[in-house]
Amino acid sequence: MARPDAGADDEAPLLAEEPLRSGACSRELELREFRDRYVIRSLDGGAAFAVARSGGCIRPLSPEEAAAGSDCRVSRIYGVAGIIRLLAGSYVLIITSRKDAGSYQGSPVYHANSMKFLCCNEAIKHLTPQEKKDEAYFMSLLRIAETTCGLYYSYDRDLTLNLQRASKLAAGRIHKSLWKQADPRFVWNKNLLEELIEAKLDEFIIPLIQGSFQSAQFTLKDRPVRITLFSRRCNRRLGTRMWRRGANLEGATANFVETEQLIEYEGLTSSFIQVRGSIPLLWEPIVDLSYKPRLSIIEHEETPKVVQRHFHDLSQRYGETVVIDLTDKRGDEGDLSNAFAAEMSRIRDVRYVHFDFHHVCRGGNFDNLQALYNQIEEAIQKQGYFLMNSEGEILLEQSVVVRSNCIDCLDRTNVTQSFLARKSLDSQLQKMGALSSSESISISDSINDIFKKLWIEHGDELSLEYAGSYALKGDLVRYGRQTLPGLIKDGMSALSRYYLNNFHDGVRQDALDLISGYYTVNQGSSSPFHTGGFESASYLPVASAIIVGGITATTFTLSQVGRNAQHFISPIICAGLTVGVAALVKANGKQFCSRPRLCGLI
């Protein structure tokens, strides 16, 4: 029998009555809203602090001070995600609802269902008109940040380190505050925590990890097996699909994600790591309303060093690296792939394998990925996986990591990683004694379906975070081939992705740049919005309405046309106007797209 885990209610008091572990954060908090201040106090630890509404000044409180006063609104919250300072004051990000997502190594993991910024901006009345306009835009970005998806956290365990890395660190680290244990690369709210850290409010500092967390349980040999799929998104080049591609000069790549497949059986725990990330060159798409934007490779003397920095960082963290490049061999993708291959030929001790996914798996045949596996089977067997017993004794270590990429590191990458993860899962279960050396999870349709469902949901969540739409090619994971319903679903997702990427990604990128600290707001600095020109994007709704209206009017007037040639004048005028406006929009595509206003391309 096999069953997926059921999620808990938002308000589940799972651990509210348990004492806090050393280094743990407060699990449940009370928010008291006074006219002049916000008071946040722990319901399970007694600590508290106040934030002044006039400017955001933070002050720790004693239990007596925190309980004082009754003229206030009281509500339950589930964490403080950080503080950001803008022109008019500070804004405090709180977690207003949560959902039980499962457990990681015995510690509950929660999904941040909803968040809200508390405004401490009474100084807004003293701003100049331009500053008020700027602040209004910044506040609109905060509202976007409130809706960030895929944020996970734990109150008593560091989730930023995979099992193998965590097992090698000193045992005493678990007594430190969570933010001190965390790998800063994977802390989504790293920039927002600075003021809380300065105020020494360790009990309230919760590192949030953006990514994906799925867990399920099934039975083999009458024994329970738990499988957990946990992905951690790197914050070093955080951004959206259209506006963050490639690498920066430090070698950090866009959409870099570490994925851990964790298996627990009979006191044994096994971990298998894969990574994905944008091609580590300096390149960008030409965003101009094209469905498939042209790709531009930026010529820079630092390019070889950028590639070296990226792979040196990988080798330091994961050991040997095998690179799987899934891009096409033709067109702009081919040019980018060739440039990547040329740089990889200069990197020693890193194996580079190109696999034209669209060509080899044309027709939606997932099984053709076996040809890729045959090329790297020896390296996969060498890399192994991490295995530890219930006493914490390390039995096996993973010594090689596979780094996969396509152009977006979404759809093709997810299909390929799920294929490799399934190969590893069979090997992990065989080593742990749950399967014989000749058996596979394919012996059970229910177990096989659970594995596929985990990877499909994992791909969808990562795609929503980067591209704003569900992942494509989910059928290849679920059925091993493309189906008609899957083609329709992919078509709808592709249209949604096109619309969001062209008309919303610029503002989303500004929100990410503001939250992550790539753009900082400074009092007295000049406004970032003096562009000296008109905002083309603001005319897009009018242009769209004219195009849609023109098509409708043309169709309607044509249906009314009789044999009189003079009756053709109206539809011709409507059609000409529609074509003219459409041509104008297309010719000025770069101006009509939603573009970042704070940092642009970096």
Side-chain angles (χ1 to χ4, degrees), residues 29-41 48-61 69 71-75 77 79-96 114-148 188-199 201 204 504 506-532 534-535 537-538 594-600:
L29 307 171
E30 182 182 79
L31 171 65
R32 297 163 62 84
E33 300 179 52
F34 294 90
R35 293 184 63 183
D36 62 339
R37 69 193 184 280
Y38 296 105
V39 172
I40 297 174
R41 69 184 186 112
F49 69 96
V51 185
R53 283 190 158 189
S54 59
C57 180
I58 300 174
R59 184 170 65 90
L61 300 177
D71 186 16
C72 62
R73 179 170 175 251
V74 180
S75 58
I77 62 174
V80 181
I83 299 175
I84 189 168
R85 190 169 292 276
L86 303 179
L87 295 173
S90 293
Y91 299 79
V92 183
L93 182 59
I94 59 173
I95 300 171
T96 54
S114 62
M115 301 187 295
K116 175 186 176 182
F117 274 100
L118 303 177
C119 300
C120 305
N121 62 351
E122 291 184 0
I124 195 168
K125 56 191 174 185
H126 302 300
L127 298 181
T128 66
Q130 182 60 50
E131 287 175 335
K132 289 180 180 178
K133 182 179 178 182
D134 294 349
E135 187 78 353
Y137 182 68
F138 294 141
M139 291 176 67
S140 72
L141 300 182
L142 297 187
R143 287 191 289 272
I144 293 174
E146 289 175 344
T147 64
T148 301
W188 176 84
N189 56 333
K190 174 177 174 287
N191 179 64
L192 301 179
L193 297 178
E194 291 181 358
E195 289 201 33
L196 294 175
I197 291 172
E198 290 178 8
L201 296 171
F204 297 94
H504 286 272
V507 179
R508 285 181 61 221
Q509 186 62 55
D510 278 348
L512 289 170
D513 287 338
L514 184 65
I515 291 296
S516 61
Y518 284 112
Y519 179 85
T520 56
V521 178
N522 297 310
Q523 286 280 354
S525 60
S526 60
S527 170
F529 309 127
H530 289 301
T531 59
F534 70 97
E535 290 289 335
S538 62
S594 171
R595 311 180 76 82
R597 304 169 71 185
L598 300 183
C599 296

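Side chains of L86 and N121 form no contact here, defined as non-hydrogen atoms less than 4.5 Å apart. Inter-residue side-chain proximity for V521 and R85 is flagged as unmet; no heavy-atom pair is nearer than 4.5 Å. I84 is listed as a side-chain neighbour of F117, based on a closest heavy-atom distance under 4.5 Å. Side-chain contact between E33 and S75: present, with at least one pair of heavy atoms (C-beta onward) separated by less than 4.5 Å. Side-chain contact between L141 and I515: absent, with no pair of heavy atoms (C-beta onward) separated by less than 4.5 Å. Side-chain contact between N189 and L93: absent, with no pair of heavy atoms (C-beta onward) separated by less than 4.5 Å. You'll find the side chain of Y137 stays beyond 4.5 Å of the side chain of L514, heavy atoms only. The shortest distance between side-chain heavy atoms of L118 and V51 does not fall below 4.5 Å.
What you find for S114 and T96 is that their closest heavy atoms are OG-OG1, 2.6 Å. Summarising the geometry of A511 relative to I144, their closest heavy-atom pair is CB-CG2, 3.9 Å, with the distance given to 0.1 Å. Nearest heavy-atom pair, A52 versus C120, reported as atom, atom and distance to 0.1 Å: O-CB, 3.4 Å. Taking both residues in full, the closest heavy atoms of E195 and I58 are given as OE1-CD1, 4.0 Å, listed atom of the first, atom of the second, then distance. Heavy atoms only, all atoms of each residue included: A88 and A123 are closest at O-CB, 3.4 Å. Across all their heavy atoms, A50 and L61 have their closest contact at CB-CD1, 3.7 Å.
For the atom pair NZ of K125 and NZ of K132, the computed distance is 10.5 Å after rounding to the nearest 0.5 Å. Rounded to the nearest 0.5 angstrom, I77 CD1 and L31 CG are separated by 5.0 Å. The OG1 atom of T128 sits 11.5 Å away from atom NZ of K133, with the distance rounded to the nearest 0.5 Å.
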What do the steps show when you test N191 against E194 for side-chain contact (heavy atoms from CB on, under 4.5 Å), and what is the final call? CA-CA 6 Å; N191 179 64; E194 291 181 358; 3.9 Å; yes

Determine whether Q130 and D134 satisfy the following criterion, side-chain contact (heavy atoms from CB on, under 4.5 Å), listing intermediate values before the conclusion. CA-CA 6 Å; Q130 182 60 50; D134 294 349; 2.8 Å; yes

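Between F49 and F204, the angle of the ring planes goes over 60°, which puts this pair in the perpendicular group of the 30/60° scheme.
For the pair D510 (side chain) and R597 (backbone), a donor-acceptor distance under 3.5 Å is present. Side chain of R32 to main chain of G69: a donor-acceptor pair is present (N/O by atom type, distance under 3.5 Å, no hydrogens or angles). Side-chain atoms of T148 come within 3.5 Å of backbone atoms of A145 as a donor-acceptor pair (strictly under, hydrogens ignored).
Surrounding CG of D71 are at most 12 heavy atoms belonging to other residues, nucleotides or ligands under 6.0 Å away.
Using a 4.0 Å cut-off between charged side-chain N and carboxylate O, E122 and R53 make no salt bridge.
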